[in-house]
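The structure under discussion appears below in the form of structure tokens.
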Amino acid sequence: MNLDIEIDDNSFRLRARAWLRANLGVTSSDNIRHGGQTARKTATQWLAKCHAAGWSGVAWPREFGGQGLSPARLIIWYEEYTRARAPSALDCTFVGLNHAGPTLIACGSDTQKSFHLPRILSGKSIWCQGFSEPGSGSDLASLKTTGKVEDDMLVVNGQKIWSTCADLADYQELLIRTEPGSKRHRGLSWVICDMTLPGITVRPIENMAGVSHFAEVFYDDVRIPLSNVVGALHDGWNVAMTTLGFERKTAAIALQLELSVTVEDLITSAQAQPGTALSEQLADLRAEAAALRAMTYRAVLRDGGTPFDGSLIRLTFAELAQRIHRTAIDTLGAEALLDGPMVHDYLESYSETIAGGTAEIQRNIIAERILGLPREPRA
Amino acid sequence: MNLDIEIDDNSFRLRARAWLRANLGVTSSDNIRHGGQTARKTATQWLAKCHAAGWSGVAWPREFGGQGLSPARLIIWYEEYTRARAPSALDCTFVGLNHAGPTLIACGSDTQKSFHLPRILSGKSIWCQGFSEPGSGSDLASLKTTGKVEDDMLVVNGQKIWSTCADLADYQELLIRTEPGSKRHRGLSWVICDMTLPGITVRPIENMAGVSHFAEVFYDDVRIPLSNVVGALHDGWNVAMTTLGFERKTAAIALQLELSVTVEDLITSAQAQPGTALSEQLADLRAEAAALRAMTYRAVLRDGGTPFDGSLIRLTFAELAQRIHRTAIDTLGAEALLDGPMVHDYLESYSETIAGGTAEIQRNIIAERILGLPREPRA
Amino acid sequence: MSFDLNQTEDQRQIHDACRAMLAEHYPLSRLRGPATAESLAPLVAFGAFAFALPEAHGGAGFTLLDEALLHVQLGRHLISPAALAAPIAARIALDNGQLEQAVKITEGQTSVSAMVKTKNGILLLGNGAAVLGIIRQHDTMQLIDISQVNRDRKAAMAQGQPIFAIASLPAPKSNNVAKAQTSQTAQILVSAQLLGVAEGARDLAVEYAKIREQFGRPIGSFQAIKHHCANMALGVEKLSAQLDMAAIAVGKQSEDAAFQTAALARIAPNVALENARICIQIHGGIGFSAEADAHLFLKQAHVLRQLIGQTDFLALPAPMAPTREDT
Amino acid sequence: MSFDLNQTEDQRQIHDACRAMLAEHYPLSRLRGPATAESLAPLVAFGAFAFALPEAHGGAGFTLLDEALLHVQLGRHLISPAALAAPIAARIALDNGQLEQAVKITEGQTSVSAMVKTKNGILLLGNGAAVLGIIRQHDTMQLIDISQVNRDRKAAMAQGQPIFAIASLPAPKSNNVAKAQTSQTAQILVSAQLLGVAEGARDLAVEYAKIREQFGRPIGSFQAIKHHCANMALGVEKLSAQLDMAAIAVGKQSEDAAFQTAALARIAPNVALENARICIQIHGGIGFSAEADAHLFLKQAHVLRQLIGQTDFLALPAPMAPTREDT
């Protein structure tokens, strides 16, 4: 971990700050949060603006059009991004920039890379994820959607769920069972799916905050060229795992830092007297948010560790976010019964311990993969 | 549930209160808590006094020398007992009065009953439990201590652990495997073991509060007459289970009510200003202690329910006791580093979620036996 | 009059009838789609609002504990807060000698809503057309004529429940204040509904855990899920025991009524909120969707929580026994 | 000077050597039986008390972060608080220009103990024969000559640690007050030891969970135990990351040093206490016995907690970046 900020890094910080200050204001993070085509337009316009000024793909290698920022500069960028209250990084460009793009860089063919990467960076194409299925929430290896090889095509049938922004997306990273009869992690393939193909039906799902971020996707004899397979056919599990190492350098950093800003806002608005129950609670949240920030920095800056260390940050973030948003609406009194940004964020926070692996699964991973405790006997 | 206090019950309350007021003062609960022969003497003298005045075996049927108190009166007695700060009911007479005695009443032979019951009621004989073994903390059915039938004797070999007051006890309720090769709940017997028999070695174990309440007991060819088996030979599991129904009418009631007194003492001593973090915490504890009292009353007064409902009270009590004692030493500041009654009670409270079935096992029982969730697959 | 929790056949029958009425008229599915004012007619027909009023006042003469257990059922069905407002409003009317008013309320001829204060004004919950409103002010309850008061529909956290803003209320009259027992009764009934929410969330989660499979077995066979469910059961047991205790104390006007009610009011919202949270978590992704019922329990818990009111609990004397004669 | 957590070979070697020294001289088994003053000679010989002092002042010139990581190791071995008192006392001496005094302290010629205030007096922890004591007063640290002060041995919660009562201290001198950086350093080192306690408790519990069998399988294969262990790991990760952050900030005297240290001091005691609690619970019956080491971690956490001091955290300005030039 190196937190020494060089002279040059400080000028980088000032440059980022100045650019953000000059270019914010046209976008609205509320819009983006609420989904829909307006949100897509806002998000992609903002990304295009970032791209034009050299602020897109900050963690991507330069050879693929990214900025190739050092870990320290990555942190500085996201600090400034968060401090400026720039649009939430968790918009419809998130999957492309932080997941699909890095996977293509690691495992894609030259054709795949040269076609898709520039489109992702500039906001021209939006990606969604197609991993989860109705029967395989926390048990990804149990997925059942099939892709049957017919000549040079895959014929896909089945169903995906919890696919964020699937209604807005141009492409989907689709994980399907291509080897008939294969079990669990074996026989899967990672495929680029054009969302305009015939046979695809998208049904948005409304969440408990009244917003439709995610959707179900149905595949009825969808024909995808075999050339859209990323990495080797039937090797999709390994392809999906390649981003695990990249994850600690994604825009999730911005979300983690944002919690500190949320807590500071809460401290300012609550004006709690010293010694009261509320001030003690706020002080605890402030300390926890500081520690989450320290965890984030360390993960970005330190070499080594296991790919599962991310579970520690992911879970800490999730549970802290829920505590913070709950405290926030507790300070509202009866106004918590009205819809509003704090109430919206509170309701949204319930997904933190569910999406992307439940808190229970994260704890299993920490216990088994990091601490080495024995696995449960299989049923 | 009937909480209507009849005129007659109120006079019962006043009679109990008057007797306790007139007869307390000679005993010291501190002495009893710290174990040893002095503690035995104090406890048995106090019990003898209760017995002489008709206050021993309050929940036992009258035909066996008890008081046969109605559920409502049982509660009144323990309310007054607790309010008077009478000696802790959890002394070395506890197992005899609340476990061994009731088991003998339910399953013992006439000879066993007529010999043992009067001695238990009057404090002449002290009992300990011999259930747990080093390898079977939470898994009672896995126990290994054997009793081999030779003519009219059982020859016992093995080891028991966590046997409270084994160093002071005259008799032990001993659960052992009498059917060679039997598995789990089958083939066990419940035996009266005279602690003065040759081949018995008792090794007291010091706990983390620096006190030796419990002990290991070793059995080396200990010869116990077959006539000491309670209930049928090899039917010990069912005998052990008979007290489950009686448990909600034991002196554990007094321990549960005591928590309210502890909280009130804490509220008085802490003098917390309204609105402070401490006063909020104390108000929460007060409410939780009130609810525990309500749970206790209901369990005693209401018919029906499953024998496992006791787990709900047991676990609520255990975790609340730990919270209360932790808050108590938090109010002490640096004085918590010195030995003293509050620190002692705090350290002792760590056993609450372990002894008599860990919190984890209690939650399993609640989930499986009360809520009907499926059992885990066996390894 | 007896407070025997070992239910009589009469009591069992009335609660069974209540369950059937609720299942027919108030299925949770009614809460999907745009929020509308809930019809309380089936509850009026059942006599729910006069359930524990004396027979002389048109009531059914059940005990407060019986009424509380009725509201536990209402809580499970996430009924509009207007169903809490009516029986409390009727009691405030009786407290002030307005028998006719009380009868109109319990018979559904005069509509009542619950109101809560915010930092900047007042919110009206449930029935926007109500002509009367009840509100908690300084540790007591008031019944207020709001027929002339303007109200603005607002977007609600709980989408199924209409909510309205009121800028200010008319000056209170002198004959509209509840007696202490009525204010406590309000806390008892709100707590009873919170218990219903907690029970409903527990049952929904337990049933789901029995059927949903992951890793080749029902998720309810995993210890983490089991322990979540056990925690829900612990919360329900604690809350329901304290509800019994407080309802008996308030019904009998025991001297520990204020203490038992304050303890109850402190416990009830947290148990309901926590059970609803666990229920969502156990459901996983579907629990976070609007399609599942899990979030409805959470939102109702938030609504009821605002109605319960809190007192300075530590200022109340501690009881050690239901009857204390420290001679 | 660099603060690179990707340890250099030098740093690795010194920490390995420290581990070996501690394993040889400070096994946990030494804490059985009657409490005696701990010999600090092996730590002095190792140079532990001058570890991060400038070489000009007889120190080894390591960074504060390096020293903090050393104290994590000391924390795992539940070393007497006197080992915290010495390096802080030496710094206070240097803060006041008393170089000779500082050298005597770091070389073990002058003995120091830690003191804490109670409601009624002062407690001296660890070495009853100490001639100097450090104590936290009003947000700063003082170094006090206690050679003439009477002390009474008391029974301690942590049986392995001698403890003494002092009725009152001599009037403070003007040249015995720590600079802000030293007061913060004290919080860093106490927190480091609390992290060591938390790590030790975690490791003890995890190892036990791997070997102890119940119901025919290691208890560590049960989800409830797994999740307890995961919670311990989460606590350690959180605390150790914040320790790094605060140690770097204080070592560099960054403007967020006070903020980072206050956040650390708020987190550290709770993580250590909670991990110790879970460690006892996972051990079951044996964890509650004096024979197992689990309770030693709990008691040490209580001791260290009293030494850490708390500040009005909300009054401190929030940093958003290690360097802030809000132009």
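FYI, side chains are in, hydrogens and waters are out, and symmetry mates aren't considered; it's all heavy atoms of this structure. Letters go in sequence order (proteins before strands), and every chain restarts at 1.
For a residue to count as touching a neighbouring chain, one of its non-hydrogen atoms must lie under 4.5 Å from one of that chain's; by this rule D/L123 touches chain B with the side chain only. For D/A156, the parts lying near chain B are the backbone and the side chain together; criterion is any non-hydrogen pair under 4.5 Å. Interface residue D/E213: only backbone heavy atoms are found under 4.5 Å from chain B. Residue D/R277 touches chain B through both its backbone and its side chain, counting heavy-atom pairs closer than 4.5 Å. Proximity to chain B is limited to the backbone of D/K117, based on heavy atoms less than 4.5 angstrom apart. D/I122 does not touch chain B: none of its heavy atoms, backbone or side chain, sits under 4.5 Å away. Only the side chain of B/R326 comes within less than 4.5 Å of a heavy atom of chain D; its backbone N, CA, C and O stay farther away. Heavy-atom distances place the backbone of B/A209, and not its side chain, under 4.5 Å from chain D. Contacts between D/H228 and chain B at a heavy-atom distance below 4.5 Å involve the side chain alone, from C-beta outward.
Considering only residues two or more places apart in sequence or on other chains, D/S80 meets the side-chain hydrogen bond (donor to acceptor under 3.5 Å, both in side chains) condition with none of them. For D/R30, the side-chain hydrogen bond (donor to acceptor under 3.5 Å, both in side chains) test picks out D/E38, with sequence neighbours left out. Checked against salt bridge (Lys or Arg N to Asp or Glu O under 4.0 Å), B/D167 has no partners two or more places apart in sequence or in another chain.
Side-chain contact annotation: B/Q281 with B/T327, donor-acceptor N/O pair under 3.5 Å present. At a cut-off of 3.5 Å, with distance as the only test, a side-chain donor of B/E173 or B/H99 sits close to an acceptor on the other residue. Side-chain polar atoms of B/Q322 and B/S349 form no donor-acceptor pair below 3.5 angstrom. At a cut-off of 3.5 Å, with distance as the only test, a side-chain donor of D/N120 or B/E335 sits close to an acceptor on the other residue.
Although no hydrogens or angles enter the test, the distance criterion places a donor-acceptor pair under 3.5 Å between the side chain of B/K160 and the main chain of B/L175.
The candidate with the highest count of non-hydrogen atom pairs below 4.5 Å against chain B, out of D/L298, D/I286, D/V116, D/I225, is D/L298. The residue among D/G284, D/G121, D/A224 with the most heavy atom pairs within less than 4.5 Å of chain B is D/G284. Listed options B/N364, B/I161, B/D330 were ranked by heavy-atom pairs under 4.5 angstrom with chain D; first place goes to B/D330.
Between B/Y346 and D/H302, the distance separating the two ring centers is shorter than 6.0 angstrom.
Of the inter-residue distances, the one linking B/R177 atom CZ with B/R186 atom CZ reads 10.0 Å to the nearest 0.5 angstrom.
For the pair D/R151 and D/F164, the NZ or CZ position fails the cation-pi test of under 6.0 Å to the six-membered ring centre and within 45 degrees of the ring normal. Note that D/R217 lies in the cation-pi zone of D/F222, set by a 6.0 Å cut-off to the ring centre and a 45° limit from the axis.
Residues of residues 197-208 of chain D having a heavy atom under 4.5 Å from any heavy atom of chain B: none.
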